[in-house]
Amino acid sequence: MTPRIIAVLIAGLLAGASAAAQTQSNKVWISVGDAAYAELQKVAPQALSRESRATLAAPQALVAGQERLHLVEVDEQQMLALSAAVHRNLRRCGGFMFHTSEAEGIAAVSAPKQRSALLAPARPSYVIDQQSVVNPMLAQMQASNIGQTIIDMSSYANRYYTTNNGVNASNWLKQRWTTMAAGRSDIAVTQYTHSGWPQKSVILTITGTDNPNEVVVLGGHLDSINLSGTSETTRAPGADDDASGIASMTEVLRVMVASGYKPRRTIKMIGYSAEEVGLRGSQDIAQNHKTNNVNVVGVMQLDMTNYKGSVNDIYLYTDYTDNAQNTFVANLITTYLPTLKIGYDKCGYACSDHASWTSAGYWSSMPFEAAMGEDDPYIHTANDTYANSGNQADHALKFARMALAYAVELGSDGPGVTPPAERTETVTGSLTKGQTRAYGPYKVAANGSFKAALSGSGDTDLYVRKAGTPTTTSYDCKSDGPTTTENCTVSYTANGNAYVLLNGYAASSYTLTVTYLPQ
Ligand code: BES
Ligand code: ZN
């Protein structure tokens with residue numbers, strides 16, 4: 001960290017501290033990385049009103065990056081000043097995450113807890129087998145549509161989480177998605193109300209045809225910020241951060257609807273509110289899913305997709321994300337977008353909404369536009385415009401295609417391979433004393449069983465055999481009670497036959513019901 005950066009950071013903090021002295025302001029908990037924290041401690045210890053007794057062991061990825069997290073209580077005004085200074089000058093050194101209480105802070109920055117074995121769904125299959133569905137959809141996707149959504153969203157003066165403009169931008173997105181989904185009774189668009197600020201998140205749900213309780217989440221944040229001011233009219237177009245992510249997702253939606261695609265699992269597309277002020281919208285939503293034990297089988301975050309600042313095309317960020325799902329995403333890119341180059345990097349801190357899902361115990365990925373530090377230099381300023389991404393959305397189109405492949409490959413899986421249904425056949429008849437009758441062969445599948453049930457009047461005995469028609473002395477199962485109520489079951493490890501013999505021990509009428517797994 002250069003001295004100039006430290007100086008600006010401290011200046012920001014002191015400005016925050018004096019602002020706090022003048023205004024009544026709430027205390028909030030934030031978590032910061034080592035680098036920022038060390039400087040804060042050295043030069044402005046009074047700015048940190050309290051540090052959690054626990055200096056927290058950071059999640060695994062962060063430990064690997066040699067960083068620890070410190071949970072501190074600061075004044076809300078100080079937090080905004082810290083935010084500005086950190087964003088402007090310390091982007092490589094660490095951001096911060098907002099928490100409403102100490103307990104929530106500890107939970108959020110501690111290593112993500114495994115969901116209980118009973119509640120945790122099995123890993124989804126990451127087998128890639130939907131080429132015939134995905135490829136025609138990829139061909140329909142167009143950069144110009146993505147560009148138009150970016151233009152529409154960035155035409156709001158700002159999308160800050162407390163302004164009317166920010167509220168209106170959320171309402172606009174809800175309306176846009178609702179219009180696009182018109183005519184589909186399986187698609188609903190709702191707004192998620194957060195307590196504490198007026199800007200709502202937007203959630204589009206495509207209910208799965210087959211396995212609606214398993215949910216695939218695509219997300220991006222609909223809010224924006226200008227770190228030099230947050231008034232109603234301050235320009236914060238947020239064209240790249242993150243109109244681009246919302247626009248990429250919107251193109252996924254357009255093509256899914258145009259193709260009449262209906263997923264077997266439920267797919268949710270979420271435009272989060274209040275990301276720029278500490279992942280607040282996504283923390284609410286991810287925690288709400290966790291509380292309700294929602295089986296979210298995978299999460300993909302699209303935050304900044306339209307500025308190509310690095311040599312590779314799509315960078316998979318490896319911290320606060322899930323390794324196995326990241327490998328799946330890399331395989332999707334290799335399969336469906338073979339000309340693209342994949343890179344890997346880290347934020348070094350909980351830099352976007354994927355981290356909220358990771359904290360809630362879900363499998364999450366964050367494919368990003370560039371290597372860390374080579375991303376769009378205009379974000380969080382009035383210059384984060386579509387023009388500064390070259391008035392085109394070719395880079396964002398790559399992310400839209402990857403996200404569509406992800407949503408369809410995960411979304412097309414059902415509850416697993418449904419075993420072939422059992423077959424039941426019934427015959428009736430009558431026998432005189434000493435008369436026999438044979439049935440079969442029934443062709444039974446491997447790992448299945450063959451069950452014969454007899455009911456009726458008189459006394460008929462039941463025999464079942466695999467190798468051929470049974471006799472009264474050669475059988476795999478015999479049921480020869482004093483009535484016509486008899487049962488036999490035989491099991492199969494490999495495909496095989498079942499034969500039945502009925503023997504009239506006395507004159508009888510019978511109903512024979514056989515139930516078996518057919519080959
Ligand atoms: N889109 C950024 C995150 C980002 C920026 C990732 C640059 C990689 C490179 C996001 O909207 C953001 O600004 N996040 C904050 C942290 C958040 C917890 C307030 C940040 O990066 O400081
Ligand atoms: Zn962002």
Side-chain angles (χ1 to χ4, degrees), residues 128-154 171-191 202-212 214-220 222 242-271 298-302 305-306 314 329 332-333 335-340 367 386 391-414:
I128 297 175
D129 58 5
Q130 299 294 313
Q131 281 86 348
S132 63
V133 182
V134 171
N135 282 323
M137 290 205 254
L138 296 184
Q140 293 180 55
M141 301 180 88
Q142 287 175 21
S144 58
N145 295 319
I146 299 175
Q148 189 57 51
T149 308
I150 295 174
I151 291 167
D152 290 344
M153 289 191 74
S154 52
N171 296 343
W172 175 86
L173 184 63
K174 188 211 166 182
Q175 196 46 54
R176 179 96 187 83
W177 284 357
T178 303
T179 306
M180 291 174 70
R184 283 279 298 258
S185 59
D186 58 328
I187 306 184
V189 186
T190 59
Q191 277 173 312
V202 178
I203 305 183
L204 175 139
T205 305
I206 313 177
T207 301
T209 53
D210 226 18
N211 197 18
E214 292 191 2
V215 179
V216 180
V217 171
L218 291 184
L222 62 83
D242 180 30
S244 67
I246 300 283
S248 296
M249 219 159 49
T250 302
E251 182 63 357
V252 172
L253 173 65
R254 187 190 69 80
V255 170
M256 282 182 172
V257 172
S259 312
Y261 173 66
K262 295 196 173 165
R264 298 180 71 199
R265 286 184 173 132
T266 292
I267 296 177
K268 290 189 189 183
M269 297 188 188
I270 308 183
V299 178
M300 176 178 279
Q301 172 73 356
L302 298 176
T305 63
N306 201 32
I314 295 180
V329 175
L332 287 171
I333 297 169
T335 303
Y336 286 112
L337 305 164
T339 61
L340 299 190
Y386 190 47
N391 282 314
Q392 49 77 44
D394 294 344
H395 202 47
L397 178 61
K398 302 167 193 169
F399 289 78
R401 288 187 161 138
M402 170 201 57
L404 181 132
Y406 171 82
V408 172
E409 284 287 354
L410 272 191
S412 296
D413 277 345

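Heavy atoms only: backbone and side chains are in, while hydrogens, waters and symmetry mates are out.
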Checklist entry - What do the steps show when you test Tyr336 against Val408 for side-chain contact (heavy atoms from CB on, under 4.5 Å), and what is the final call? => result CA-CA 12 Å; Tyr336 286 112; Val408 172; over 6 Å; no
Item to check | Flag for Asp152-Gln148: side-chain donor and acceptor within less than 3.5 Å | outcome: yes
Checklist entry - Do the side chains of Ile314 and Met402 get nearer than 4.5 Å, heavy atoms only? => result yes
Next on the checklist: Would you compute the distance between atom CD of Glu214 and atom CZ of Arg264 and round it to the nearest 0.5 angstrom?
Outcome noted: 10.0 Å
Next on the checklist: Measuring from atom NZ of Lys398 to atom OG1 of Thr305, what distance do you get when rounded to the nearest 0.5 angstrom?
Outcome noted: 10.5 Å
Next on the checklist: Is it the case that the side chain of Asn306 and the backbone of Ala396 share a donor-acceptor pair, with hydrogens and angles ignored and the cut-off at 3.5 Å?
Outcome noted: yes
Checklist entry - Looking only at heavy atoms, what is the nearest atom pair of Ala243 and Met153, with distance? => result CB-CB, 3.9 Å
Next on the checklist: Once rounded to the nearest 0.5 Å, what's the spacing between atom CD1 of Ile146 and atom OG of Ser248?
Outcome noted: 4.5 Å
Item to check | Of Val202, Thr178, Ile203, Thr205, the residue whose pairing with Thr190 passes side chain to side chain contact (heavy atoms under 4.5 Å, CB included) | outcome: Ile203
Item to check | Main-chain N/O of Asp129 paired with Glu409 side-chain donor or acceptor, under 3.5 Å | outcome: yes
Checklist outcome for this item: In terms of heavy-atom contacts, Leu222 and Gly271 come closest through CD2-O, 3.2 Å
Item to check | Close side-chain approach of Met256 and Ile267, heavy atoms under 4.5 Å | outcome: yes
Checklist entry - Does any N or O in the side chain of Asp242 come within less than 3.5 Å of the main-chain N or O of Gly245, such that one atom is a donor and the other an acceptor? => result yes
Item to check | Any donor-acceptor pair under 3.5 Å from Arg401 side chain to Leu138 backbone | outcome: yes
Checklist outcome for this item: Here the gap from Leu253 atom CG to Met180 atom CE, rounded to the nearest 0.5 Å, amounts to 4.0 Å
Checklist entry - Shortest non-hydrogen contact from Asp394 to Ala143? => result OD1-CB, 3.6 Å
Next on the checklist: Does either side chain, that of Thr250 or that of Thr149, offer a donor lying less than 3.5 Å from an acceptor on the other one?
Outcome noted: no
Checklist entry - What distance do Ser412 atom OG and Lys262 atom NZ have between them, rounded to the nearest 0.5 Å? => result 13.5 Å
Next on the checklist: Checking Leu302 against Leu218 for the side-chain contact (heavy atoms from CB on, under 4.5 Å) test, could you report, in this order, the C-alpha distance in whole Å, the side-chain angles of both residues, the deciding distance, and whether it holds?
Outcome noted: CA-CA 8 Å; Leu302 298 176; Leu218 291 184; 5.5 Å; no
Item to check | Steps toward side-chain contact (heavy atoms from CB on, under 4.5 Å) verdict (Met300, Phe399) | outcome: CA-CA 11 Å; Met300 176 178 279; Phe399 289 78; over 6 Å; no
Next on the checklist: Which heavy atom of Gly147 sits nearest to which heavy atom of Ala393, and what is that distance?
Outcome noted: N-CB, 3.8 Å
Next on the checklist: Tell me if a side-chain donor or acceptor on Arg265 pairs with a main-chain N or O of Leu410 at a distance below 3.5 Å.
Outcome noted: yes
Next on the checklist: Checking Gln175 against Trp172 for the side-chain contact (heavy atoms from CB on, under 4.5 Å) test, could you report, in this order, the C-alpha distance in whole Å, the side-chain angles of both residues, the deciding distance, and whether it holds?
Outcome noted: CA-CA 5 Å; Gln175 196 46 54; Trp172 175 86; 5.7 Å; no
Next on the checklist: Distance check, rounded to the nearest 0.5 Å: Glu251 atom CD versus Gln140 atom CD?
Outcome noted: 9.0 Å
Next on the checklist: Do Val252 and Met137 have side chains that approach each other closer than 4.5 Å (heavy atoms only, starting at C-beta)?
Outcome noted: no
Next on the checklist: Can you confirm whether Val217 sits close enough to Ile270 that some side-chain heavy atom of one is under 4.5 Å from a side-chain heavy atom of the other?
Outcome noted: yes
Checklist entry - Are the side chain of Gln142 and the backbone of Ser144 linked by a donor-acceptor contact shorter than 3.5 Å? => result no
Next on the checklist: I'd like to check Ile128 versus Val134 (side-chain heavy atoms, cut-off strictly below 4.5 Å). Are they in contact?
Outcome noted: no
